[in-house]
Trainee: 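Can you read through this structure? Questions will come right after.
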There are 2 protein chains.
Amino acid sequence: MNFKESLIKHFKFTEEEWQLSQPFFHSEELTAKQYFLEAGKVSDKIAVVESGLLRTFFFNENGDEITTQFFVPGTLVISSASFNRQIPAKENIITIEPSKLIVFTHKNMQELIKAVPVWQQIPLAASEFKNRQKEKRIIELQTLSAKERYVKFLEKYPQVCRSATVGQIASYLGIDIATLSRIRSKI
Amino acid sequence: MNFKESLIKHFKFTEEEWQLSQPFFHSEELTAKQYFLEAGKVSDKIAVVESGLLRTFFFNENGDEITTQFFVPGTLVISSASFNRQIPAKENIITIEPSKLIVFTHKNMQELIKAVPVWQQIPLAASEFKNRQKEKRIIELQTLSAKERYVKFLEKYPQVCRSATVGQIASYLGIDIATLSRIRSKI
DNA sequence: TGGATTGTTTGACAATTGTCAAAAAAATTA
DNA sequence: TAATTTTTTTGACAATTGTCAAACAATCCA
């Protein structure tokens with residue numbers, strides 16, 4: 001299901017509303033390892049992934065990269081804190097693979113909501129969806145062993161396992177890279 | 001800062017808007033260990049904590065209670081999944097101490113938004129706030145050792161440490177109860 | 001009050017996970 | 001392609017965390 005179809009399905013967009021909306025967003029293609037957002041800058045855009053793969057990361061006090069999110073096709077790429085409050089981002093968002101995105105700038109998003117009222121409901125729905133995702137992730141980190149977390153990750157993100165490095169996945173799961181390598185060798 | 005003051009400060013409520021809003025919510029006092037929401041039921045209300053302490057928990061496959069959130073004064077008590085989508089809750093919300101709550105029913109909340117438009121912005125703001133909270137919690141679970149998580153918890157929730165049991169805090173931090181007891185004895 | 005229940009601590013030990021270093025493999029680029 | 005860089009794996013070992021069981025302490029009511 002692509003972006004248009006899911007708007008029609010989940011938010012009852014009409015064909016007309018879809019047509020009216022189009023001028024307010026655009027497509028962008030990023031090559032591998034290109035930044036969508038850099039730490040320290042104010043995020044002025046969000047995007048829906050059409051194809052490819054992205055991740056969010058920051059540097060911890062030891063200078064190690066900590067990956068906190070992966071963005072697969074169909075998901076919303078956003079730094080909530082930076083985009084919603086227009087403050088500098090603490091994290092980076094970068095492509096892992098070449099990716100095609102549907103991009104909404106902060107300004108266009110505001111105008112789109114005014115121009116096509118059905119969009120009013122989207123930010124809350126998106127925020128609540130992210131909330132439910134994070135809640136699941138919290139419970140996994142809270143209750144599962146390293147091996148169990150990896151097994152669930154494999155099930156949920158089989159594509160990511162092919163493109164992301166062991167180091168990226170390890171930091172996402174809160175496991176040491178050598179430990180994850182051993183877990184993988186036993187599966 | 002109480003509930004009224006924070007609406008005025010963060011959402012620019014006028015005295016009149018506050019007065020108009022009052023008929024749409026009410027105060028409730030719960031004794032210790034009283035349920036605010038039971039797993040399996042559809043949540044029909046949310047609340048702001050005036051005083052006291054609550055927690056969310058569910059049972060894992062071994063039948064152990066897993067505490068996933070604590071609600072201190074000033075915070076919003078909600079099961080997002082159940083309240084927003086009106087589906088049965090997977091988790092319980094229960095008081096730890098006797099608590100005083102400002103309660104909004106699902107029906108009243110809808111009417112309040114219609115009657116006093118300044119409320120329109122609240123659900124999104126609340127959802128985004130919860131998102132930022134959860135993001136912080138994820139990073140703590142992902143990057144900190146058991147001891148570090150407990151130290152941060154102590155700083156953030158000194159009140160909770162006094163009322164909650166070691167078992168509740170341990171499950172919240174994803175630590176075995178005996179291990180947390182040992183960590184505590186060394187601080 | 002006293003008995004029962006619930007919660008906490010502790011010991012002995014086991015399992016899991018992390019650290020450091022080096023080797024092997026894979027990816028990048030000159 | 002060859003050289004360089006990055007990533008992954010592996011070994012030896014250490015530290016952290018979990019398990020099971022028992023003792024101890026605190027709380028709850030009858």
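To find a chain, count down the sequence lines: A is the first, B the second, and so on, and within it residues start at 1.
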Trainee: Are A:S163 and A:E97 close enough that a side-chain donor and a side-chain acceptor fall under 3.5 Å?
Mentor: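 On atom types as modelled, these side chains qualify, holding a pair under 3.5 Å.
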Trainee: Does the side chain of A:Q142 come under 3.5 Å of the side chain of B:R137 through a donor N or O and an acceptor N or O?
Mentor: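 Note: A:Q142 and B:R137 side chains meet the donor-acceptor criterion.
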Trainee: Is a side-chain donor or acceptor of B:N84 paired with a backbone partner of B:S80 at a separation under 3.5 angstrom?
Mentor: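 Looks like yes, one N/O pair under 3.5 Å.
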Trainee: Would you call the rings of A:Y150 and A:F153 parallel, tilted or perpendicular, taking 30° and 60° as the class edges?
Mentor: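 Geometry flag for A:F153 against A:Y150: parallel rings.
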Trainee: Looking only at side-chain N and O atoms, does A:R184 come under 4.0 Å of OP1 or OP2 in D:dT8?
Mentor: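 No, outside the criterion.
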Trainee: Going by number, which of residues 151-166 of chain A have a non-hydrogen atom under 4.0 Å from DNA chain C?
Mentor: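 None - not one residue of the stretch has a heavy atom sitting under 4.0 Å from the strand.
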Trainee: Write down the distance between NZ (A:K186) and C1' (D:dT10), rounded to a whole number of angstrom.
Mentor: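 The answer, rounded to whole Å, is 11 Å.
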Trainee: Are B:L54 and B:V49 close enough that some pair of their side-chain heavy atoms sits under 4.5 Å apart?
Mentor: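 They are in side-chain contact.
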Trainee: What one-letter contact string describes nucleotides 12-24 of chain D from 5' to 3', where B marks a base within less than 4.0 Å of any protein heavy atom, S marks contact via sugar-phosphate atoms alone, and - marks no contact?
Mentor: B----SBB-----
Trainee: Starting from the C-alpha separation in whole Å, work towards a yes-or-no answer on ring pair (Phe, Tyr, Trp, His ring centres under 6.0 Å) for A:W119 and A:F13.
Mentor: CA-CA 9 Å; A:W119 280 91; A:F13 273 56; 5.3 Å; yes
Trainee: With side chains defined as the heavy atoms from C-beta onward, is the minimum distance between A:S6 and A:V48 less than 4.5 Å?
Mentor: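 Heavy-atom side-chain distance check fails, nothing below 4.5 Å.
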Trainee: What stems involve DNA chain D, if each pair must be Watson-Crick or G-U and both of its distances must be under 3.5 Å, with 3 or more such pairs in a row?
Mentor: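 Listed by first number, the stems are C:1-30 with D:1-30.
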Trainee: Do the charged groups of B:E128 and A:K130 touch, with an N to O distance under 4.0 Å?
Mentor: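 Salt bridge between B:E128 and A:K130, a charged N being under 4.0 Å from a carboxylate O: no.
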Trainee: Expressed as a whole number of angstroms, how long is the span from A:I169:CD1 to D:dT9:P?
Mentor: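 Rounded to the whole Å, the gap is 10 Å.
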Trainee: In plain terms, say whether B:E140 and B:K156 are close enough for a salt bridge, that is, a side-chain N and a carboxylate O under 4.0 Å apart.
Mentor: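 So B:E140 does not pair with B:K156 through a salt bridge.
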Trainee: Any salt bridge between A:E65 and A:R55, counting N to O under 4.0 Å?
Mentor: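 A salt bridge links A:E65 with A:R55.
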